[in-house]
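Down below is the structure, laid out as structure tokens.
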Amino acid sequence: MNLNNLKTTVPAKLCERGLDYFEQDFVERLTEDAPNRWHALVTGTRDYEVSVNLAKDGTIVGSYCTCPFESDSLCKHEVAVCLAICEYKKEKGSSAVDVQARLKTLKKAELLEILEELVEKQPTVQLYLAEKFSDSNDMDEEKARRLIQKSAYLASRRGIIEWDRTDQALEGVWEVLEYLDGLNSQQDAERIIRLSLIVVKECTEMLQIADDSSGDISSAIYESLDKISEALAEWPGDLDEATVDNMLVLLYPYILFALEQDITDAASHLVEAVLQWNERGGFTEKFYNFIADLIAKDEMQNKTYKYTEERFHMYQLAILRRHGRQELVEAFYAKYGHYPAIRKAQVRQALDAGEFEKVIQLCDESEQFDANFAGLLNDWKKLCFEAYEGMGNTEELIGLSFEFALDGEEEYYYKLRSLVDVKRWPEKLEALLAEMKTRPRSRPLYLGILIDEQRFEELLDYCRTEVSAIEYLHPHLVADYPHEVNEIYTTYIYRQIERASNRKAYWSACQKIKDFQQALGAEATTGLIEELKFMYPKRKALLDELGKIK
């Protein structure tokens with residue numbers, strides 16, 4: 001077999017697939033390791049290593065591929081590499097240069113010139129040499145960055161890190177994290193924080209080009225954020241203004257970077273981590289202004305949504321509430337009351353103070369403000385509910401409980417039952433069930449109430465309308481309504497079979513017949529199977545699956 005006659009010696013299908021791989025540039029890193037000894041990487045669904053040994057005339061004297069293909073013929077990956085070798089020979093000639101032999105003949109100055117050119121043109125050479133010359137027993141920020149970037153670069157293909165190369169891409173990250181695990185949180189707190197920040201930043205950039213479906217890159221980010229939080233929490237000694245300033249200066253660009261990338265919650269985690277220091281000294285104004293500065297930056301203001309900005313304002317509120325005067329807190333509520341979270345915090349403070357009338361007033365105002373947002377309206381009503389509980393206003397509690405129960409909230413159904421007088425309960429229950437019937441959101445609670453109240457006739461009526469429900473409701477009905485359950489269940493199975501058009505669908509329908517058998521017994525099942533065989537005599541796949549039911 002020769003490079004020039006692949007079409008006559010390799011099956012046409014394999015030649016066609018190999019040509020397709022070659023034309024799509026799936027052959028990478030083609031190198032002639034020694035004269036006529038070639039090696040390449042072929043990408044695709046997976047990556048495969050291919051070696052091809054040639055005679056001087058182009059005869060293939062040996063080849064190997066890591067793919068599972070078993071045949072005397074070349075596989076599609078080997079064909080693709082052979083085609084790449086042909087193209088290479090046409091473009092650059094067929095004779096390989098003995099690089100090592102030539103290097104040995106060069107003078108020191110010539111070697112240095114080649115090395116400098118390599119460092120300038122090949123980033124991986126720069127990374128390799130920098131790591132080679134660094135102290136292997138120590139690690140600084142630059143070395144950590146190089147380690148992470150190097151493994152990410154080597155794992156990438158066409159600028160992308162695929163899911164099955166994530167482990168390789170993270171090798172540098174794990175090395176840095178392993179180093180951090182060996183440090184003392186008291187003596188090396190700042191180093192832990194600095195190196196962890198490098199991991200967070202580099203992994204965030206890695207997420208831009210990686211398939212992180214395994215979650216490993218994100219896990220590395222949050223593990224590093226946890227290390228930063230722990231180091232700040234355990235920071236040794238007393239804190240002075242200079243130490244706080246230095247830490248805020250260190251964290252500031254990383255917080256802005258995380259805000260700009262907007263891939264993770266790293267920005268919020270870093271702010272929350274450093275705010276632990278606000279508990280240890282009088283730094284209220286410093287931290288408040290630090291967050292205000294972050295909020296004002298383009299990285300925050302350019303966001304199309306305001307959730308993160310709202311969260312950062314909540315950090316400011318927490319600072320004021322702990323160390324500020326109440327008049328400052330009230331002024332903050334007034335200034336930033338357009339944020340729902342700020343208003344909720346104000347309502348919660350009033351609840352804690354037992355100011356229930358104020359809660360009702362604030363919630364009424366918020367309901368008008370958020371009239372177009374159903375979720376927020378529900379939140380304000382629940383806060384009102386807490387206020388009415390504090391006030392002992394039973395009638396208002398009954399009205400709200402009824403409303404929440406109609407939305408399917410089981411907790412409030414039981415509150416409603418405990419609030420309503422025993423004599424009035426039957427009437428209230430009837431009114432509740434009548435409205436629930438028409439509300440899909442309350443369906444699970446509606447059925448649960450029918451079961452609890454043993455209203456099985458209504459449960460049966462529901463199954464007549466929603467026949468698929470018989471699958472999970474029949475245990476409550478079969479004892480009193482065996483004939484009706486049989487009829488509804490049979491209708492349900494017929495509908496499944498009518499829609500079926502392949503063996504998989506028939507198999508699925510037959511599984512439901514097995515459930516039918518558990519519910520209604522062998523005799524009813526035998527009758528159903530015979531009826532189905534009579535109705536569908538030409539559906540061989542169905543008949544085959546029916547015959548497997550024991």
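Taken from OG in Ser224 to NZ in Lys201, the straight-line distance is 14.0 Å, to the nearest 0.5 Å. The distance from the CD1 atom of Ile221 to the OG1 atom of Thr204 is 4.0 Å, given to the nearest 0.5 Å. Note that CD of Glu234 and CD of Gln276 are 9.5 Å apart. Values are rounded to the nearest 0.5 Å. Atom-to-atom distance recorded for Leu170:CG and Cys203:SG is 6.0 Å, nearest 0.5 angstrom. Rounded to the nearest 0.5 angstrom, Asp293 CG and Met300 CE are separated by 10.5 Å. Interatomic distance, CG of Leu460 versus OG1 of Thr465, reported as 10.0 Å (0.5 Å rounding).
The number of heavy atoms from other shown groups lying within 6.0 Å of CD (Gln326) is above 12. The environment of CZ in Arg280 is crowded: more than 12 heavy-atom neighbours from other residues, nucleotides or ligands sit within 6.0 Å. Counting non-hydrogen atoms of neighbouring residues, nucleotides and ligands closer than 6.0 angstrom, the CD atom of Gln186 exceeds 12 such neighbours. More than 12 heavy atoms of other residues, nucleotides or ligands lie within 6.0 Å of CD in Glu453, so this atom counts as buried by the packing criterion. Counting non-hydrogen atoms of other residues, nucleotides and ligands closer than 6.0 Å to CH2 of Trp174 gives a total above 12. Heavy-atom contacts from other residues, nucleotides or ligands closer than 6.0 Å to CG of Asp238 number 12 or fewer. Environment of NZ in Lys382: crowded, with over 12 heavy atoms of neighbouring residues, nucleotides or ligands closer than 6.0 Å.
Here His269 and Tyr222 bring their ring centres to under 6.0 angstrom of each other. Aromatic rings of Phe257 and Tyr254 (six-membered ring for Trp) have centroids beyond the 6.0 Å cut-off, not under it. If you look at Tyr315 and Phe287, their ring centroids are not closer than 6.0 Å.
Using a 4.5 Å cut-off on side-chain heavy atoms (C-beta onward), Asn372 and Leu377 make no contact. Within the 4.5 Å cutoff, no side-chain heavy atoms of Ile198 are placed close to those of Val176. Proximity of Thr264 to Leu207: side-chain heavy atoms (C-beta onward) are separated by under 4.5 Å at one or more points. No side-chain heavy atom of Lys297 sits under 4.5 Å from any side-chain heavy atom of Leu259. Counting only heavy atoms from C-beta outward, the side chains of Phe26 and Leu41 never approach each other to under 4.5 Å. Taking the side chain as every heavy atom from C-beta outward, Glu409 and Asn378 approach each other to under 4.5 Å. Counting heavy atoms from C-beta on, the side chains of Val244 and Met247 never come closer than 4.5 Å. Residues Ile488 and His474 are not in side-chain contact: their nearest non-hydrogen atoms beyond the backbone lie 4.5 Å or more apart.
The two residues Ala405 and Tyr412 make their nearest non-hydrogen contact at N-CB, 4.3 Å. Closest of all the heavy-atom pairs between Ala345 and Tyr333 is O-OH, 3.8 Å. Heavy-atom minimum distance, Leu225 versus Ala266: CD1-CA, 3.9 Å. Across Ala509 and Gln496, no two heavy atoms sit closer than the pair CB-CB, 4.2 Å. Annotation for Phe312 and Ser268: closest pair CE1-OG, 3.7 Å, computed over non-hydrogen atoms. Here the shortest heavy-atom pairing between Ser213 and Trp163 reads OG-CB, 3.9 Å.
Ring orientation note: the planes of Tyr339 and His313 are tilted relative to one another, at an angle of 30° to 60°. Under the 30°/60° scheme for interplanar angles, the aromatic rings of Trp425 and Tyr413 are found to be tilted.
Side-chain polar atoms of Gln346 and Arg343 form no donor-acceptor pair below 3.5 angstrom. Looking at Gln208 and Gln261, their side chains do bring a donor and an acceptor atom within 3.5 Å of each other. Counted by atom type alone, Asp515 and Tyr472 present zero donor-acceptor pairs between their side chains at under 3.5 Å. With 3.5 Å as the limit, one finds a donor-acceptor pair spanning the side chains of Gln24 and Asp20. A donor-acceptor contact closer than 3.5 angstrom is absent between the side chains of Gln361 and Glu357.
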**Report entry** Trace of the side-chain hydrogen bond (donor to acceptor under 3.5 Å, both in side chains) decision for Asp216 with Thr166
**Finding:** CA-CA 8 Å; Asp216 290 339; Thr166 304; over 6 Å; no
Requested in this report: Kindly determine whether Lys512 and Glu471 satisfy salt bridge (charged side-chain N to carboxylate O under 4.0 Å, His left out), including the steps that lead there.
Outcome: CA-CA 8 Å; Lys512 299 185 186 304; Glu471 269 198 288; 3.5 Å; yes
Report task. Test Arg165 against Gln168 for side-chain hydrogen bond (donor to acceptor under 3.5 Å, both in side chains), laying out the working first. Result -> CA-CA 5 Å; Arg165 288 185 172 272; Gln168 180 182 345; 3.0 Å; yes
Query raised in the report: Can you check side chain to side chain contact (heavy atoms under 4.5 Å, CB included) on Leu248 and Lys286, steps first, answer last?
Result: CA-CA 10 Å; Leu248 294 180; Lys286 188 180 297 293; 3.9 Å; yes
Query raised in the report: Do Arg455 and Glu430 pass the salt bridge (charged side-chain N to carboxylate O under 4.0 Å, His left out) test, and can you show the C-alpha distance, the side-chain angles, and the key distance before you say yes or no?
Result: CA-CA 12 Å; Arg455 299 172 72 130; Glu430 292 300 329; 2.9 Å; yes
Query raised in the report: When you look at Glu141 and Arg145, which way does the salt bridge (charged side-chain N to carboxylate O under 4.0 Å, His left out) test go after all the steps?
Result: CA-CA 6 Å; Glu141 293 166 69; Arg145 187 179 289 108; 5.1 Å; no
Requested in this report: Start with the C-alpha gap between Ile228 and Ile192, add the side-chain angles, then the distance that decides, and say whether side chain to side chain contact (heavy atoms under 4.5 Å, CB included) holds.
Outcome: CA-CA 7 Å; Ile228 293 169; Ile192 290 171; over 6 Å; no
Report task. Show your reasoning for whether side chain to side chain contact (heavy atoms under 4.5 Å, CB included) applies to Phe373 and Asp370. Result -> CA-CA 5 Å; Phe373 303 96; Asp370 299 318; 4.2 Å; yes
Query - Test log, rule salt bridge (charged side-chain N to carboxylate O under 4.0 Å, His left out), inputs Lys381 and Glu403 - result: CA-CA 10 Å; Lys381 289 176 180 177; Glu403 185 177 340; 2.4 Å; yes
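Under the 4.0 Å criterion applied to side-chain N and carboxylate O atoms, Glu498 and Arg495 are not assigned as salt-bridge partners. Ion pair Lys415/Glu389 flagged as a salt bridge, since at least one NZ, NE, NH1 or NH2 atom sits closer than 4.0 Å to an Asp/Glu carboxylate oxygen. A salt bridge does not link Arg146 to Glu202: none of the charged nitrogens lies less than 4.0 Å from a carboxylate oxygen. For Arg191 and Asp140, the salt-bridge test fails: no basic side-chain N is under 4.0 Å from an acidic carboxylate O. Electrostatic pairing of Arg194 and Glu190 counts as a salt bridge here, judged by a charged N lying under 4.0 Å from a carboxylate O.
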What pairs of donor and acceptor atoms, side-chain ones from residues 436-448 against any protein atom, are under 3.5 angstrom apart with sequence neighbours left out?
from	atom 1	to	atom 2	distance (Å)
Thr438	OG1	Glu435	O	3.0
Ser442	OG	Met436	O	3.3
Ser442	OG	Arg439	O	2.9

